[in-house]
Each structure stands twice: as structure tokens, then as C-alpha cells.
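A short worksheet on the structure shown next.
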Amino acid sequence: MSGLTATLPFPATTGGATRAKTRLDHRTTEEAALVRRVQAHDEIAFREVVERYQAKVFSIIYGILRNRNDAEDIAQQVFAKIYFSIGHFDFRSSLLTWIYKITVNECYDYLRKKRVRKLVYESDFSADETHRIVNSEPATDQAPSVDERLAQHDLILKLLSKISEEDRSLILLKEVEGHSVEELSEMTGMNENTIKVKLFRARQKLVKAAQRLEKGPLTPPSI
Amino acid sequence: MHESIRHRLEDLLSAGSSVGGHSSPDGHLASCSECSSEVAVMQSQGVLLRSLRASEELEPPPGFYARVMQRIEEAGVRSVWTAFAESRFGVRLAYASLTIAIILGSYVVSAERRDGHLRGQTIVAQDVDYAAPVTGDLAHQRDAVLENIALRQQGTAR
Ligand SMILES: [Zn+2]
């Protein structure tokens with residue numbers, strides 16, 4: 001982490017004012033007490049975790065996959081993973097951040113294992129299509145068609161597959177969930193500068209991945 | 001991207017829905033094509049990213065928790081065997097079994113060698129000159145048989 005901030009220095013404060021912030025200690029929250037109960041194999045506490053986060057997990061999965069049929073299967077897998085690995089939860093981040101990362105990873109595992117539709121994730125776009133989608137140029141003056149929306153959806157999933165799990169969940173928490181840098185700092189336990197550096201790096205990687213797609217493969221695909 | 005823009009990037013991306021909506025206090029974006037084009041692409045990608053928001057709240061179907069617990073139980077049974085196979089005791093047991101198998105195997109091979117079964121000397125027909133013909137009366141035949149046995153044993157010992 002220090003390496004990142006060293007290579008990409010951001011001013012430590014904004015507007016000359018140093019805000020005295022008390023960082024949220026994730027070990028002392030009400031949520032932490034719940035996690036400790038789950039870690040002590042309290043099934044009622046685990047049920048509470050499931051009920052508290054199930055709608056969120058379903059929404060994340062549906063947002064990424066747009067597939068109701070497989071959403072439950074993936075959601076079950078997410079909570080099974082939470083059950084088995086909550087012993088390793090170290091309270092450095094919020095429980096939601098941790099669950100979010102597990103959920104996004106499960107979605108990507110699913111995409112890797114099951115190439116559901118031709119378009120999803122492994123789809124190939126022409127250079128023109130990629131350029132148009134990345135630069136948000138509509139094909140016509142009308143609102144994007146269903147096919148175009150699917151193509152946009154698949155392209156962003158493909159671009160996100162090119163960045164690390166950590167970067168992916170961070171940028172999704174920022175853009176999809178709409179959290180501010182300050183909120184992300186609280187949620188992850190990282191300082192705001194680090195969050196900014198990580199977001200910038202992730203965005204740069206997405207831009208480069210899109211440029212690579214626009215350029216297309218250097219060699220023709222072998223048949 | 002220049003540092004002044006990099007530092008305010010998240011604010012700039014959140015501020016306007018189009019590149020034209022940006023207002024960098026020092027007017028940097030208006031004069032720097034490198035920064036403005038990079039910010040524009042990042043903003044477009046932001047639009048794509050926000051398309052991953054679920055359009056509707058998706059409530060889990062009834063009985064979801066029960067099915068989660070069932071899955072955990074099934075995975076738990078599998079993981080008991082996985083845990084055993086990966087545990088120190090499991091690994092030791094595997095090594096012990098392998099060692100015993102090797103020792104028993106070596107014993108069988110050496111025993112077979114000692115008995116000559118593995119030397120390719122299993123005698124199907126032996127080239128021994130049986131000098132004594134088994135003929136005549138019973139006493140002669142008995143002597144001839146004993147003589148042949150003695151010769152055969154000598155031949156094997158050689
Ligand atoms: Zn610039």
C-alpha cells in the first residue's frame with residue numbers, strides 16, 4: 001500500500017483544512033458483535049446475517065448477471081462461503097464490504113465456469129463496437145436497443161474481468177453502490193488517499209483494457 | 001493524467017454527466033486535451049458501470065435460508081473428508097499406509113526371489129541325463145528312481 005501512495009502521491013489534505021476524523025473501528029460495532037456470535041457457531045446469529053444481507057446479495061448478483069434463474073444458486077453459494085470462512089473475517093473492513101467482495105467473486109466464478117450466452121463475458125466485439133460502446137456513442141439518436149444494452153453490459157463485465165478482485169469490488173462499490181470516497185474509507189479501513197489511488201489505478205486499467213479491445217488481437221485467431 | 005486532475009478525479013467524475021459539465025477550478029481540463037480525453041473515457045465507463053445497478057429489488061424466494069443451511073450441511077460432509085485428507089493426521093496415515101505397502105511389497109518380492117520364483121528358473125523340463133533306465137524288477141526300479149531323484153537334485157543345485 002505504501003508503495004502505491006509513494007509512486008502516486010496525492011496531497012494528504014484538501015482545501016488546506018485537516019479534518020480530524022475518527023476512523024470507524026469495525027471491531028466494536030453492533031455488526032462486529034453479530035459476527036463474533038457467528039464465529040462462535042451461533043446459528044441464530046448466522047440466520048440474522050442471512051436475513052440482513054440476502055436482499056443486497058440478490059441485487060448485486062442480479063445487477064451483474066441479469067439472470068434470475070441462477071441468482072438463487074449463487075446467493076446460496078455466497079452464504080455458504082460466508083458460513084465457512086467467517087472465522088477468517090478480521091474486522092478490518094465492514095461486513096458488507098466483505099460480503100460484497102465474496103458476492104462479486106462468486107458472480108465472476110459463475111461467469112468463468114458457465115458461459116451462459118454467447119455475449120456474456122467472453123463475447124468478442126468488433127473494434128467499432130467497442131469504440132462506440134466505450135465512448136457512449138449511440139448507434140442512432142434513439143435510446144439504446146435491448147441488444148445494445150446487452151452489449152454494453154457484457155463489455156463492462158469483460159473489462160472488469162481484467163482487473164484484480166480488490167479493484168473490482170472497490171470500483172463497483174463506488175460506481176454501482178454509489179459510495180463516496182469517505183464512505184469507502186470507512187468501509188474498507190483504508191485511508192482516503194489510498195482509496196483514491198486505488199480507484200485511479202483501477203480506472204486506468206479499465207481504460208487500457210478497453211483500448212486493447214479496440215485495437216483487437218494482434219494476430220488473427222487460429223481456427 | 002496530471003496530478004491536479006488526478007487528485008480531484010472522483011469529484012470530477014461525480015460532478016457532471018458529460019465532459020462539458022466539468023469545471024476544474026484552474027481551468028486545466030479546458031486547456032489539457034490529454035486530461036480531458038482521459039476523464040471523458042472514464043466518465044463513459046462510469047456510465048457503463050452504473051448500468052450494473054439492479055433495476056429492481058430482488059427479494060429471495062421463500063425458504064431461502066433453509067436451502068442455504070442444506071447446502072452448508074452438504075458442503076460440510078464433503079469438507080469433513082477434505083479436512084481429513086488435508087489434516088496432519090490424514091497425511092501421516094497416508095504416509096504410514098504407503099510405507100507399509102512398500103515394506104510388504106519388498107518382502108514379497110525378496111521372498112519370491114529367495115525361492116527362485118523370480119529368477120526365471122521355474123523348471124518345466126530339465127535337461128538331465130537320466131542314466132538309470134527304470135526297468136527290471138521292483139527292486140531295480142526302486143533303485144533307478146532313487147538314482148534319478150539324486151541326479152535331479154544335483155542338477156538343480158548346480
Ligand atoms: Zn492535464
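Every chain is numbered from 1, with letters handed out A, B, ... down the list of sequences.
Looking only at heavy-atom pairs under 4.5 Å with chain B, the residue among A/I195, A/I171, A/V50, A/L172 that has the most is A/V50. Interface check for chain B: of the options A/K174, A/K81, A/Q54, A/E51, the most heavy-atom pairs under 4.5 Å are formed by A/Q54.
A/V181 touches chain B through its side chain: at least one heavy atom from C-beta onward sits under 4.5 Å away, while N, CA, C and O do not. For chain A, the nearby parts of B/L52 are the backbone and the side chain; heavy atoms of each come within less than 4.5 Å.
With A/T103 contributing its side chain and A/I99 its backbone, the two residues share a donor-acceptor pair below 3.5 Å.
By the 4.0 Å N-to-carboxylate-O rule, A/D167 lies close enough to A/K205 to be salt-bridged with it.
With rounding to the nearest 0.5 angstrom, the OG atom of A/S161 is 7.0 Å from the CZ atom of A/R168.
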Decide yes or no on salt bridge (charged side-chain N to carboxylate O under 4.0 Å, His left out) for A/E175 and A/R203, but give the supporting numbers first.
CA-CA 11 Å; A/E175 291 292 352; A/R203 290 186 193 281; 2.7 Å; yes
